[in-house]
Amino acid sequence: MGVSAAAPLWGPPGLLLTLVLHPTVCVRSHWDYCVLGAGPAGLQMAAFLQRAGRDYVVFERAPAPGSFFTRYPRHRKLISINKRYTGKVNAEFNLRHDWNSLLSHDPRLLFRHYSRAYFPDAGDMVRYLGDFANRLGLHVLYNTTITHVTLDKDQGAWNGHYFILTGQKGQTYQCSVLLVATGVSVPNQVDFPGSEYVEGYESVSVDPEDFVGQNVLILGRGNSAFETAENILGVTNFIHMLSRSRVRLSWATHYVGDLRAINNGLLDTYQLKSLDGLLESDLTDLAIVKDHKGKFHITLKFFLEETSANQSADSVTLPQDDNDNFAMRVAYDRVIRCLGWKFDFSIFNQSLRLSSGSEFSKKYPLIRASYESKGSRGLFILGTASHSVDYRRSAGGFIHGFRYTARAVHRLLEHRHHGVAWPSTQLPITQLTSAIIRRVNEASGLYQMFGVLADVILLKENATAFEYLEELPAQTLAQLGTLTGRTARHGLFVLSMEYGKNFSGPDKDVFFHDRSVGHTEDAWLSNFLHPVVYYYRRLPTEQEVRFRPAHWPLPRPTAIHHIVEDFLTDWTAPVGHILPLRRFLENCLDTDLRSFYAESCFLFALTRQKLPPFCQQGYLRGQGLASTESLQRHGVDSGLLQDYAALDHLDASRQPGHHRPGGHPPAPGPALESLDGNREEL
């Protein structure tokens, strides 16, 4: 009797039910898509695959989703905002200010239902991710640790090879596409003499009582360092913070991974001279020695190298022996390392070529702008580990950013392996202005992944219509046809959100006088986040994308338009926002994008060789507003139409007894403007 396969039925976390048809069961071992990690990025990709009906599985080593958040952040408060109220009912707009929700079609799976706190507790995130996986019925194999990943070449495979995953019990799994969403989980460490005395962020006590009356030195300058300091600020003698770089404030850099205001109490006590302080030095030049009382002293490595091996720590030369004003001449009770995290490369075979060995690639895997590995086709990096694409430039390392980059990867895979072109909407050219205005006022993906994701608008022949693609990775523009299945034969616009070129940086004063721009003629000088429209007569080449101007997200275009920044991020002002945009589009297309009522189209048809697109696509096809008495009166009152009744009355008064045959002709529908074009459609 043959061996029957087991069909997995996905149940609650930690529970995998199998339909057993024979005492000997073959566990399924091949999937089209394998996702490593059931954190936010892994679950987000699983949701997209599930909705598309694809063959996939998620491997998770813990018994439930979101295991990272069961331990981190150590002091349990997230720094991702949970803005529950915006005054808007538009769900897409509200996601601009919801930094925790994943994307789904279930309105119950919005994070606002899980916490009232503006900065939520990490436990709420664990609960949310569990519900997300369960309610969507995502296919997750819990308690499954993948210990090794390698390649098996096979010409019949989608990408010329399969990915072979080995589990903790020696079982193997085969996948056509591998999606790695394991985050960055290995603590960064610096190897210097005395580093064995340092406690790590991942294990140090979080009970403030353990630090009462102590002198504490923290190594690091990011949110984990300041989070640790904030927790013990009120009980220590003092806290010194040491790092090789200056503090980077998120409000100055506009990068949410830099120091957030919620954690920066130490800056107050430092600048107001309340014993705490910040210092800069390269940690690799330092050493820590321990005296006979168990206190720690900071010295320089070369002093230690001059000391013979048999000398006691109390006899080691210290910097204050040469300079009695040395800033760190005090002894410390605790030294805590808070240096951030890096990607765990240990399970990946070298044949996958995920790292080049450079300093930066030790933190993140080597990937392309499409989030695909540079070394292995079909291997994609999702979530925090994909942040190398936009490190310190956008939000791709955080939920409110990578939920959109995961969607971009899914759309790419749908086209590559299933022939489903990138989703698009085709509209008549007369709706181009309104389509752009809608996106800049609603779209969350553009807003959060500013400068990284962009909308692409493909023009049709003779600019009679356009095709709208949302949220393409901007630096993949040259590969548009390959990645999306769409072509740009007649020119294109690209819509991006950007900060001013010289507004962001750790040394910038972002509160300077006259920092905002209010006049449309100065829109290109806008500092705050604002929409930018690029026009290209042809699709840029890969070389043009690669060698684009410094700090530009895209190559130099044929023409460019900045929509002036707005204090309310509401780009609907008729004169300040919409009119300049429409004129820019008209100049690029050499056409008139205004809308007209029937009378103007009728008169244009009699007097012009080329009609505006609105008249071509509406009036000449018998479409548009029909004349009614109320519309006619509105047109007359607004000065857009002649008052034929008044003219007839005037004629009658001048020529008694003379009447126009049949009375005055019925008035066409009112026009939005007069023939001389002085009145603009706004």
Side-chain angles (χ1 to χ4, degrees), residues 425-439 457-468 490-493 533 535 559 561 563 571-651 660-682:
T425 302
Q426 187 162 320
L427 296 168
I429 200 68
T430 52
Q431 296 185 34
L432 179 58
T433 306
S434 58
I436 293 175
I437 288 296
R438 180 183 65 83
R439 287 289 292 169
I457 303 162
L458 306 176
L459 299 172
K460 298 302 179 181
E461 189 173 6
N462 298 322
T464 57
F466 64 92
E467 192 173 12
Y468 204 111
H490 308 288
L492 65 155
F493 292 98
V533 184
Y535 171 62
H561 176 71
I563 301 179
W571 289 279
T572 57
V575 175
H577 301 135
I578 300 175
L579 180 58
L581 171 64
R582 198 206 73 218
R583 286 176 168 169
F584 167 75
L585 298 175
E586 289 176 336
N587 286 335
C588 293
L589 300 174
D590 190 25
T591 193
D592 190 333
L593 294 179
R594 291 174 291 182
S595 299
F596 302 92
Y597 283 116
E599 180 181 354
S600 293
C601 288
F602 173 73
L603 294 173
F604 288 158
L606 298 177
T607 59
R608 294 187 181 183
Q609 290 185 343
K610 180 182 178 181
L611 293 183
F614 185 87
C615 294
Q616 294 178 29
Q617 298 169 6
Y619 174 74
L620 294 185
R621 297 179 182 178
Q623 300 173 2
L625 290 175
S627 176
T628 65
E629 185 177 348
S630 62
L631 282 176
Q632 180 180 340
R633 175 48 48 194
H634 175 72
V636 171
D637 292 343
S638 62
L640 299 177
L641 287 180
Q642 294 286 341
D643 189 344
Y644 294 109
L647 289 175
D648 281 350
H649 180 73
L650 181 62
D651 288 344
R660 180 182 299 167
H664 67 77
L672 282 183
E673 62 196 48
S674 59
L675 279 175
D676 61 11
N678 289 332
R679 184 179 298 274
E680 297 278 7
E681 175 245 337
L682 302 178

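Residue indices begin at 1 and follow the sequence shown.
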Practice prompt. Could you tell me whether the side chain of Thr425 reaches within less than 4.5 Å of the side chain of Glu467, counting heavy atoms only?
Written response: no
Worksheet item: What is the distance from atom CZ of Arg583 to atom SG of Cys588, rounded to the nearest 0.5 Å?
Response: 14.5 Å
Worksheet, complete the sentence: CZ of Arg439 to OG of Ser434, rounded to nearest 0.5 Å, is 13.5 Å
Worksheet item: Do any N or O atoms from the side chain of Glu586 and from the backbone of Asp592 form a donor-acceptor pair under 3.5 angstrom?
Response: no
Fill in: Nearest-0.5 Å distance that lies between atom NE2 in His561 and atom CD1 in Ile436
9.0 Å
Response to the item:
By ring-ring contact (aromatic ring centres under 6.0 Å, His included), Tyr468 pairs with (sequence neighbours left out) none
Practice prompt. Measure across Ile563 and His577 and return the closest heavy-atom pair with its distance rounded to 0.1 Å.
Written response: CG2-CD2, 3.9 Å
Worksheet item: When you look at Ile429 and Leu459, which way does the side-chain contact (heavy atoms from CB on, under 4.5 Å) test go after all the steps?
Response: CA-CA 8 Å; Ile429 200 68; Leu459 299 172; 4.0 Å; yes
Discussion item. Do Leu458 and Phe466 make a side-chain contact, defined as non-hydrogen atoms from C-beta onward lying under 4.5 Å apart?
Written reply: no
Worksheet entry | Side chain to side chain, Leu492 and Ile457, heavy atoms closer than 4.5 Å | no
Worksheet item: Does Asn462 use its side chain to pair, donor to acceptor, with the backbone of Thr464 at less than 3.5 Å?
Response: no
Worksheet item: Tell me, do Leu589 and Phe493 make a side-chain contact under 4.5 Å, heavy atoms counted?
Response: yes
Worksheet item: So how far is it from Thr591 OG1 to Leu432 CG, rounded to the nearest 0.5 Å?
Response: 11.0 Å
Worksheet, complete the sentence: Taken in chain and number order and not counting sequence neighbours, the residues that satisfy salt bridge (Lys or Arg N to Asp or Glu O under 4.0 Å) with Lys610 are none
Worksheet item: Hey, what's the ring geometry for Phe604 with Phe596, parallel, tilted or perpendicular (30° and 60° as the breaks)?
Response: perpendicular
Practice prompt. Determine, stepwise, if the pair Leu579 / Arg582 fulfils side-chain contact (heavy atoms from CB on, under 4.5 Å).
Written response: CA-CA 5 Å; Leu579 180 58; Arg582 198 206 73 218; 3.7 Å; yes
Item to complete: Kindly indicate, with the supporting measurements, whether the criterion side-chain contact (heavy atoms from CB on, under 4.5 Å) is fulfilled by Thr433 and Ile578.
Response: CA-CA 8 Å; Thr433 306; Ile578 300 175; 4.1 Å; yes
